[in-house]
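Notes to accompany the following structure.
One-based numbering along the sequence shown.
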Amino acid sequence: MDAMIRLYAQYKDTLEKKSMGFNMSAWDEKLLKYGVMFESQMMDLSVNIPLEKALDNGWKILSQCFEKQETGLKSELIEKFWPAK
């Protein structure tokens with residue numbers, strides 16, 4: 001979950017860059033996609049799911065937005081929890 005929050009913080013920084021008119025890199029675009037999905041599926045107050053389901057959703061969001069190596073997560077965690085496509 002720490003990595004998910006770290007990426008969300010990067011998303012917030014990217015939103016600020018975008019609002020100031022900076023050019024968006026491919027990484028910024030990934031963060032923007034991730035942030036929108038993370039907010040709507042994890043942080044929205046209407047989302048009321050058990051912790052295990054929330055973690056599963058978090059892994060799914062990560063896999064839809066990033067390559068495994070881009071997340072900064074340990075290889076052991078990725079091997080154990082990264083969703084199969």
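The existence of a salt bridge linking E39 and K12 is confirmed by a sub-4.0 Å separation between a basic side-chain nitrogen and an acidic carboxylate oxygen. Residues D28 and K18 are not paired through a salt bridge, judged by the lack of any N-O separation under 4.0 Å between the basic side chain and the carboxylate.
Side-chain atoms of R6 never come within 3.5 Å of backbone atoms of M1 as a donor-acceptor pair (strictly under, hydrogens ignored). Side-chain N or O atoms of Y34 include one that pairs as donor or acceptor with a backbone N or O of M4 at under 3.5 Å. The closest donor-acceptor contact from the side chain of E70 to the backbone of E67 lies under 3.5 Å.
Clustering ILVMFWY residues whenever any of their side-chain heavy atoms sit less than 4.5 angstrom apart, transitively, puts M43 in a cluster other than the one holding I49. When hydrophobic clusters are built by joining Ile, Leu, Val, Met, Phe, Trp and Tyr residues whose side-chain heavy atoms come closer than 4.5 Å, directly or via intermediates, L15 is grouped together with W27.
Each ring-ring contact (aromatic ring centres under 6.0 Å, His included) pair with one or both residues in residues 42-63, not counting sequence neighbours, appears once here: W59-F81.
Rounded to the nearest 0.5 angstrom, L55 CG and K53 NZ are separated by 11.5 Å. Put simply, CD1 on I5 and OH on Y11 are 13.0 Å apart, with the number rounded to the nearest 0.5 Å. Taken from OG in S25 to NZ in K17, the straight-line distance is 5.5 Å, to the nearest 0.5 Å. Taking CD of Q64 as the start and NZ of K33 as the end, the distance is 6.5 Å to the nearest 0.5 Å.
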Stepwise side-chain contact (heavy atoms from CB on, under 4.5 Å) test for T14 and F22: CA-CA 9 Å; T14 300; F22 285 89; over 6 Å; no

side-chain contact (heavy atoms from CB on, under 4.5 Å) between W82 and L77, worked out: CA-CA 8 Å; W82 196 265; L77 290 174; over 6 Å; no

Pair L31-Y8, side-chain contact (heavy atoms from CB on, under 4.5 Å): steps then yes or no: CA-CA 8 Å; L31 286 169; Y8 182 72; over 6 Å; no

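For D44, the CG atom sits in a packed shell: over 12 heavy atoms of surrounding residues, nucleotides or ligands are nearer than 6.0 Å.
Between L73 and F66, the closest side-chain pair of non-hydrogen atoms is not below 4.5 Å. L7 places a side-chain heavy atom less than 4.5 Å from the side chain of L62. Between Q41 and I61 the shortest side-chain heavy-atom distance falls below 4.5 Å.
Of all heavy-atom pairs between M37 and C65, the closest is SD-SG, 3.6 Å.
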